[in-house]
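For reference, the structure discussed in these notes is given below.
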There are 2 protein chains.
Amino acid sequence: MVVTPQKALSLFVERVSLRSALSPEEREAVMALPGRVAHVGPCHDIILPGQRTDHSCMIVSGLGGRFDMMADGRRQIVAFYIPGDMCDLNSVPAPTSGWGLEALSRATLLFIPHAALRRLVLDPSLAMAFWRDTVTDGSVLAKWAANLGRKQAIPRLAHLFCEMGMRMEQVGLGTRNDYTLPLTQSQMADAVGLTAVHLNRTLKSLREEGVTFNRGHVRIASWSSLAALAEFDPAYLLLPGRPAR
Amino acid sequence: MVVTPQKALSLFVERVSLRSALSPEEREAVMALPGRVAHVGPCHDIILPGQRTDHSCMIVSGLGGRFDMMADGRRQIVAFYIPGDMCDLNSVPAPTSGWGLEALSRATLLFIPHAALRRLVLDPSLAMAFWRDTVTDGSVLAKWAANLGRKQAIPRLAHLFCEMGMRMEQVGLGTRNDYTLPLTQSQMADAVGLTAVHLNRTLKSLREEGVTFNRGHVRIASWSSLAALAEFDPAYLLLPGRPAR
DNA sequence: CGTGTTGTTGAGTATTATCAATAGGGGTGG
DNA sequence: CCACCCCTATTGATAATACTCAACAACACG
């Protein structure tokens with residue numbers, strides 16, 4: 001599959017447009033960003049913790065993850081990034097982040113120099129759009145924290161399936177009850193804060209609720225019952241025009 | 001205690017200056033923001049979840065908290081806001097947040113209209129500074145999520161004490177091993193994702209490590225041993241000039 | 001001097017982690 | 001094409017951690 005920077009950038013424009021109205025000139029300015037495309041394999045480190053960067057990275061295809069590592073090697077994935085997400089837009093205002101970022105599956109990435117992004121945010125409307133993107137990121141993180149802190153294994157995993165379903169559907173990758181999530185059970189366990197063994201058992205329980213996860217493919221028989229089980233309310237995704245139901 | 005908006009705003013300027021260099025003109029522009037001071041009691045709701053606002057809120061004194069609530073009434077606090085923090089700067093780009101915000105103790109608040117803040121971010125350097133503030137918020141949230149997902153009760157609570165100590169010291173409220181954290185044990189339990197009973201037992205264990213929490217006052221006998229226990233590395237607070245040691 | 005909130009402790013239970021063993025699947029090299 | 005190996009998934013048994021229920025003490029407040 002050949003991916004041009006142009007095609008990749010249009011994904012980003014779409015993503016930003018989900019939450020911020022861009023004028024035709026602004027869209028053009030974004031499309032004119034310089035970028036370099038790269039194909040990487042699973043477990044490829046995009047940024048190591050503590051490393052300083054001079055470019056941001058957008059996911060074109062595949063799945064990215066932001067994670068933290070404990071001294072004993074246990075890992076917590078705190079965010080998933082799907083196609084269209086600029087996974088370290090953060091690094092524009094804060095080039096030395098404390099976070100690691102890796103490709104969780106085979107992935108196509110687009111690297112964009114900070115310098116170009118900094119020029120872009122001289123436009124206040126784009127600055128606001130990027131800022132809003134970071135706010136969205138934070139809102140998702142907060143929800144993730146709340147789930148890790150106060151939900152048990154089953155609703156926690158159910159919530160992850162709901163969230164990823166909504167996000168995939170938004171960007172046109174499948175539907176909310178049928179989409180591809182290219183993860184191993186171990187990686188998923190790192191995301192929901194469980195051991196791989198317990199995650200496997202939790203998946204088994206969810207199977208009885210009509211949710212299957214098989215070789216990276218999620219299928220949800222009844223969205224409404226899963227959403228109820230997960231106490232999923234998409235408001236935190238900050239999508240406009242979809243008031244909290 | 002009488003607090004003028006001027007005095008309150010200077011707190012905010014200091015806080016922003018921790019991570020972003022501001023020119024004298026920019027400082028002045030921030031100091032010229034209009035603001036209204038309010039004194040509130042504990043458990044006072046600053047914003048209800050899903051509510052739309054047209055102003056942001058800065059903590060002048062006391063403690064604020066951002067939280068999420070489960071259907072059964074269990075609560076997770078996902079962020080603490082201390083004096084100088086603009087706790088919903090987020091609401092400038094996203095006026096309808098899905099989050100509740102409340103005063104966790106008696107507190108003094110400063111309300112600033114969004115309109116004024118939006119005018120301020122026409123200055124690209126201030127826009128970057130505010131954006132950076134949101135990135136910091138996200139970084140702290142991510143760490144919070146990692147702790148909730150992968151640490152047990154004792155190191156989790158220890159990490160909270162370390163984080164709050166660092167943050168308090170930064171803004172000149174006590175030292176990292178001796179500071180005021182005006183919380184009940186219940187509220188603290190909601191922050192670390194434990195029940196109040198188990199939090200109480202965890203505090204007891206930490207007492208044997210030389211950490212006391214008494215009527216809202218934290219005292220840490222040996223910072224280095226607590227930091228080791230908590231695996232605390234302040235890099236994620238994005239403070240400049242203090243490389244990850 | 002009641003009364004309600006907060007903090008403390010005990011006993012029993014539920015959830016999740018750990019350890020261990022096995023099965024399946026995809027790729028590689030002979 | 002087959003044998004082999006590594007990674008992933010699955011299941012069982014047991015242990016550790018955290019939760020629930022319950023009672024009571026300490027304290028602030030009116």
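In what follows, every chain begins at residue 1, and chains take the letters A, B, ... in the order their sequences are listed. Since this is a predicted model, take the numbers as computed values, not measurements.
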Mind checking if [X] touches a base, just sugar-phosphate, or nothing, with heavy atoms under 4.0 Å?
X: B:Thr184; answer: sugar-phosphate
X: B:Gly216; answer: nothing
X: B:Ala196; answer: nothing

Of the listed nucleotides ([options]), which one gets closest to any side-chain atom of [X]?
X: B:Arg201; options: C:dA17, C:dT8, C:dG10; result: C:dG10
X: A:Val197; options: C:dT8, C:dA17, D:dG12; result: D:dG12
X: A:Leu194; options: C:dA17, D:dC19, D:dT10; result: C:dA17
X: A:Arg207; options: C:dT8, D:dC19, D:dT10; result: D:dT10

Given salt bridge (charged side-chain N to carboxylate O under 4.0 Å, His left out), test B:Asp137 with B:Arg66 step by step and report yes or no.
-> CA-CA 11 Å; B:Asp137 225 59; B:Arg66 188 168 163 189; 3.3 Å; yes
Option among A:His159, A:Glu163, A:Glu231 that satisfies the side chain to side chain donor-acceptor pair (under 3.5 Å) test with A:Asn147 =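 The residue from A:His159, A:Glu163, A:Glu231 that satisfies side chain to side chain donor-acceptor pair (under 3.5 Å) with A:Asn147 turns out to be A:His159.
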Matching residue for A:Arg219 among A:Asn177, A:Asn214, A:Asp178 - test: side chain to side chain donor-acceptor pair (under 3.5 Å) | A:Asp178
When you measure from the side-chain N and O atoms of [X] to the phosphate of [N], is any distance below 4.0 Å, counting only OP1 and OP2?
X: B:Lys204; N: C:dT9; value: yes
X: A:Asn200; N: D:dA9; value: no
X: A:Gln152; N: D:dA18; value: no

Grab the [atom1]-[atom2] distance between [X] and [N] for me, whole Å please.
X: A:Gln185; N: C:dA23; atom1: CD; atom2: P; result: 18 Å
X: A:His198; N: D:dA18; atom1: NE2; atom2: C1'; result: 13 Å
X: A:Met70; N: C:dA17; atom1: CE; atom2: C1'; result: 16 Å
X: B:Asp190; N: C:dT6; atom1: CG; atom2: C1'; result: 14 Å
X: B:Lys151; N: D:dT17; atom1: NZ; atom2: C1'; result: 17 Å
X: B:Gln187; N: C:dG7; atom1: CD; atom2: C1'; result: 14 Å
X: A:Arg74; N: D:dT17; atom1: CZ; atom2: P; result: 11 Å
X: B:Leu199; N: D:dT20; atom1: CG; atom2: P; result: 14 Å

Which sits closer to the 5' end of DNA chain D, A:Gly149 or A:Ser186, going by the nucleotide each is nearest to?
-> A:Ser186
Per-helix bend value, the helix from C:dC1-D:dG30 to C:dG30-D:dC1, C1' rotation axes over five pairs per end, 10° rounding, shows 40°
Consider only side-chain N and O atoms of B:Gln185 and B:Asn200, and report whether a donor and an acceptor are under 3.5 Å apart.
-> yes
Validation row, ring centre B:Trp144 to ring centre B:Phe80 under 6.0 Å |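 Close enough - the centres of the two rings lie under 6.0 Å apart.
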Applying salt bridge (charged side-chain N to carboxylate O under 4.0 Å, His left out), run through A:Lys143 and B:Asp68 and close with a yes or a no.
-> CA-CA 8 Å; A:Lys143 184 58 91 173; B:Asp68 193 20; 2.9 Å; yes
Hey, does the side-chain of A:Arg215 have a donor or acceptor N/O within less than 3.5 Å of a partner on the base of C:dG26?
-> no
Trace of the salt bridge (charged side-chain N to carboxylate O under 4.0 Å, His left out) decision for A:Asp190 with A:Arg74 = CA-CA 8 Å; A:Asp190 285 341; A:Arg74 286 184 308 176; over 6 Å; no
Got a donor-acceptor contact below 3.5 angstrom from the A:Gln76 side chain to the A:Ala191 backbone?
-> yes
